[in-house]
Amino acid sequence: MEDTAIKRAAALLEQEFGSDWLTIAQQLGTENLRQRVGKELTSFMAFPDRGNGGDSKWRGNCSPEVVSSVLRYVLDAKRYYGKDISQFTLLDPMSGSGTSKAAADRLGVKSILYDLNPAPAAGMGNWNALKNDVEDSADLVFFHPPYHDIIHYSGNMWGKPHPDDLSRCENYNDFLEKLNFCVRKFYMALRKDGRLAVLVGDIRTKGQFYSIQHDMMRMGDFESFLVKGQFNCVSDSRRYEKPFIPIVTEYMLLLHKKDALMVPFHFSKEDIFSVAQTDLTALTWHHLIRMTLESAGGKMTLVELYARLQNHPKAKKNSHYKERIRATIYEHRTQYLSCGDGCYRLSYQVA
């Protein structure tokens, strides 16, 4: 569709609906993703109209429709499989402005709310997720933690800075360690057949990208992974010269506790290896030579290549590695350009 047609449609919507036109357009534009095969909850969540519940001015909070959607799903699943829901309980251990209570109240569900804030909008205040026990159990735990230090809560949204506030961790690894502790603690508070719904987002801080949903541990059966669109963010009106990919989504991990005692779990581990010292099935002689030239600025003599690669595991397994290097360069002669006197350079400029 041409830009002129889109601009004309936008103008017509604004003329007809005034300041609400953009929200209406966003709802129409995402409807086919939000509703499929007769289901109101899909793997894509979008709520341009936040709805009522909690405090819309409480930075970082989510729409009550997010909580309502997953709550309705869990209730529907229990009804379908003939499970009792007469004492169904929702627990929110970082309740912020009380959004979860509003969602639970609308659906007639009991809710229990905790928060580190001594005077929260609803529920028990001064509850420390790192030190206090979860004295209750629940069929659904909705866990929406801070996204590291993107928004400071203690000392900013309420009270004084608190050392156990997850938004005030020393660094990302400290945050992740404490987040994973919370995941374990809240999973243990689930009743059998309960769900832990964790809503997190990716972040970029000091030029470094971190994916919380990728790095955090998972417990239980990984029932679903939902992508949530972000709307009306504080940073939406800003403009940046440096190229980067803006983060416009959040993610909900839905973890199912199928067994009372047996707990499947998963966590990621990061490491680093040097291609200069490692042989992999995926690493060919061509790419080993190419990357070695890149590490030297894109130009080397054969003698220098021999010396650089003589102790590589590939060379150790091939007594004719020098011949292999020369043959590889010949086989890819459009990528290794001769400079004369046994010197070669890459066909492209090294970044």
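Because the structure is predicted, anything quoted here is derived from the model rather than measured.
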| said: Does K257 have more than 12 heavy atoms from other residues, nucleotides or ligands lying within 6.0 Å of its NZ? | reply: yes

Using modelled atom types only, decide if a donor and an acceptor are shared between the side chain of [X] and the backbone of [Y] within a distance under 3.5 Å.
| X | Y | answer |
| --- | --- | --- |
| D92 | M94 | yes |
| D215 | Y210 | no |
| K228 | V200 | no |
| H148 | I150 | no |
| T89 | Q87 | yes |

| message | Measuring only between side-chain heavy atoms, which start at C-beta, is L254 closer than 4.5 Å to F225? | response | no

If only side-chain N and O atoms count, and only distance matters, is there a donor-acceptor pair under 3.5 Å linking [Y] with [X]?
| X | Y | result |
| --- | --- | --- |
| R218 | Y187 | no |
| Y114 | D136 | yes |
| D193 | Y81 | no |
| R345 | S338 | no |
| H286 | Y336 | yes |
| T249 | Y251 | yes |
| Y73 | E223 | yes |
| R308 | T292 | no |
| Y344 | Q335 | no |
| T328 | R324 | yes |
| D202 | Y147 | no |

Shortest non-hydrogen contact from [X] to [Y]?
| X | Y | result |
| --- | --- | --- |
| S63 | F47 | OG-CB, 4.0 Å |
| Y153 | R59 | OH-O, 2.8 Å |
| P145 | L199 | CD-O, 3.3 Å |
| N156 | I151 | ND2-CG2, 4.4 Å |
| I212 | G201 | CD1-O, 3.2 Å |
| C169 | K178 | SG-CD, 3.8 Å |

| query | When N128 is tested against each of D133, D115, D165, D164 for side chain to side chain donor-acceptor pair (under 3.5 Å), which residue passes? | reply | D164

